Amino acid sequence: MPLISETYRAQQQRLHESKDYGTIGETYGSLIGQIMNKLQVTHLLDYGCGHNLSLMRSLKPDHKFKYQAYDPGVPQYATPPVPAEMVVCLDVLEHIEPDCIDDVLDHLETLTEAVGVFTVC
């Protein structure tokens, strides 16, 4: 089963054309940065990053880290991700198609090496 249907991918691409869609990351930047600092996370995957990378822009960790952006609804971030020490999935899971949710959760599990932070809005 795919992680997203082509019809829904196209709909998500259209939604991401709005500057107000996919911006929740900045709300969590401080919290995610604190977790990264405490655990000394060096590789972060932002699963469902949105078009403007609002989480990345709001992070202020006290050490270097690799940021990986993934969002199948944003062509430039649709490349399949690789596992990361920490996976963050913010305000994404409630947008997953019901027929795909089990596969997406399995995908998140395979990508999360140590810590996962997931929110459902």
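For clarity, every value in this text was computed on a predicted model and none was experimentally measured. Numbers here simply count residues along the sequence, with the first being 1.
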Note, [X] side chain near [Y] side chain (heavy atom, < 4.5 Å):
X	Y	answer
Asp62	Met36	no
Pro81	Leu111	yes
Met86	Leu45	no
Glu85	Val115	no
Tyr67	Leu53	yes
Phe118	Leu105	no
Gln13	Val74	no
His63	Asn37	yes

Criterion side-chain contact (heavy atoms from CB on, under 4.5 Å) on Ile4 and Glu97, from CA distance to verdict: CA-CA 7 Å; Ile4 187 171; Glu97 297 162 284; 3.7 Å; yes

Flag if over 12 foreign heavy atoms under 6.0 Å of OH, Tyr77: yes

Greater than 12 external heavy atoms within 6.0 Å of Gln76's CD: yes

Short side-chain donor-acceptor distance under 3.5 Å, Thr7 and Gln11: no

Ring geometry between His107 and Tyr70 (parallel below 30°, tilted from 30 to 60°, perpendicular above 60°): perpendicular

Sidechain-backbone polar pair: Asp71 side chain, Gly50 backbone, donor-acceptor under 3.5 Å: yes

Hydrophobic cluster identity match, Leu15 and Tyr8, side-chain contacts under 4.5 Å: no

Single-linkage hydrophobic cluster Val41~Val117, side-chain heavy atoms < 4.5 angstrom: yes

From [X] atom [atom1] to [Y] atom [atom2], the distance as rounded to the nearest 0.5 Å:
X	Y	atom1	atom2	value
Asp99	Ile96	CG	CD1	12.0 Å
Ile32	Asp46	CD1	CG	9.0 Å
His95	Cys100	NE2	SG	14.5 Å
Ile24	Leu90	CD1	CG	8.0 Å
Leu93	Leu108	CG	CG	6.0 Å
Tyr47	Leu55	OH	CG	16.0 Å

Shortest non-hydrogen contact between [X] and [Y], atoms and distance:
X	Y	result
Pro83	Thr110	CG-O, 3.9 Å
Arg57	Asn52	NE-O, 2.8 Å
Pro72	Ala78	CA-CB, 4.0 Å
Gly25	Ser58	O-OG, 3.6 Å

Check ion pair Arg9-Glu6 (N to O, under 4.0 angstrom): yes

Intermediate values then yes/no, side-chain contact (heavy atoms from CB on, under 4.5 Å), Leu59 and Phe65: CA-CA 11 Å; Leu59 287 174; Phe65 70 98; 3.8 Å; yes

